[in-house]
Asker: 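Please find one structure pasted underneath; my questions will follow.
Just so we're clear, the structure is a prediction, and the values are computed from it rather than from any experiment.
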Amino acid sequence: MSVADRGELTSYAYRQLRARILAESDTCHWCGHREADAADHLIPVSKGGAKLDPDNLAPIHGVAGCPTCGRKCNNEKSDRIGGARLVTSVDWYAGP
């Protein structure tokens, strides 16, 4: 299934769910930096993931990339399953 065939990404239901996910947290599940602007399917739809299941969506940096590290997180993750954390010199997931 190509992105062009994924009309659900422009559906009202998806846009509402994406807004809810980003309102709850804007920390990218891939790089750990804030200001995520997209919602990522943890289990890709192409691999059987649920399109509109909130438990299958997490914040991620989209086309514009991460303003902190410059990564194109959604592109890097591609269609991998899960949200493996990247290893960096700083533990962005550590609490205050």
Side-chain angles (χ1 to χ4, degrees):
M1 172 184 303
S2 73
V3 173
D5 297 332
R6 296 182 51 195
E8 80 278 352
L9 295 180
T10 58
S11 73
Y12 180 74
Y14 176 78
R15 288 182 289 132
Q16 289 293 103
L17 183 56
R18 176 185 168 276
R20 189 176 106 205
I21 297 293
L22 293 174
E24 291 172 2
S25 173
D26 72 343
T27 301
C28 176
H29 79 94
W30 190 249
C31 73
H33 295 128
R34 304 212 27 148
E35 299 184 45
D37 60 353
D40 178 52
H41 289 96
L42 298 173
I43 300 173
V45 174
S46 64
K47 297 193 177 187
K51 297 174 186 175
L52 297 175
D53 179 358
D55 292 333
N56 191 37
L57 290 168
I60 197 165
H61 293 106
V63 176
C66 176
T68 303
C69 68
R71 285 186 158 101
K72 305 286 186 182
C73 299
N74 204 15
N75 288 347
E76 282 186 23
K77 181 182 174 277
S78 188
D79 68 345
R80 295 182 199 140
I81 293 178
R85 295 178 176 173
L86 296 177
V87 176
T88 64
S89 60
V90 176
D91 183 359
W92 297 103
Y93 297 94

Asker: Determine whether a donor-acceptor pair (N or O, by modelled atom type, separation under 3.5 Å) exists between the side chain of Asn56 and the backbone of Ala50.
Answerer: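 The answer is yes, because a donor-acceptor pair under 3.5 Å joins these two groups.
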
Asker: Can you name the nearest heavy-atom pair linking Tyr14 to Ala39, along with the distance?
Answerer: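 Tyr14 and Ala39 have their closest heavy atoms at OH-O, 3.3 Å.
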
Asker: Decide, yes or no, whether a salt bridge links Glu76 with Lys72 under the criterion of side-chain N to carboxylate O below 4.0 Å.
Answerer: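 A salt bridge is absent here (no side-chain N lies under 4.0 Å from a carboxylate O).
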
Asker: Can you see which heavy atom on His33 is nearest to which on His61, and at what distance?
Answerer: O-CE1, 3.5 Å

Asker: For a quick test of reading the model, state the closest non-hydrogen atom pair linking Ser25 to Pro59 and the distance between them.
Answerer: O-CG, 3.3 Å

Asker: Got a donor-acceptor contact below 3.5 angstrom from the Arg18 side chain to the Asp37 backbone?
Answerer: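 Yes.
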
Asker: Whether the side chain of Lys77 engages the backbone of His41 through a donor-acceptor N/O pair (distance < 3.5 Å, no angle test) should be reported.
Answerer: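 Checked: pair present.
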
Asker: Give the minimum heavy-atom separation between Gly48 and Ile43, together with the two atoms involved.
Answerer: C-CG2, 4.4 Å

Asker: How far apart are the closest heavy atoms of Ala13 and Leu52, and which atoms are they?
Answerer: CB-CD1, 4.1 Å

Asker: For Pro67 and Glu35, which heavy atoms make the closest approach, and how far apart are they?
Answerer: CG-OE1, 3.6 Å

Asker: Please report the interatomic distance CD1(Ile81) to CG(Leu42), rounded to the nearest 0.5 Å.
Answerer: 10.5 Å

Asker: How long is the straight-line distance from CD1 of Ile60 back to CG of Asp26, given to the nearest 0.5 Å?
Answerer: 13.5 Å

Asker: Nearest 0.5 Å, please: how far is SG in Cys66 from CG in Asn74?
Answerer: 13.0 Å

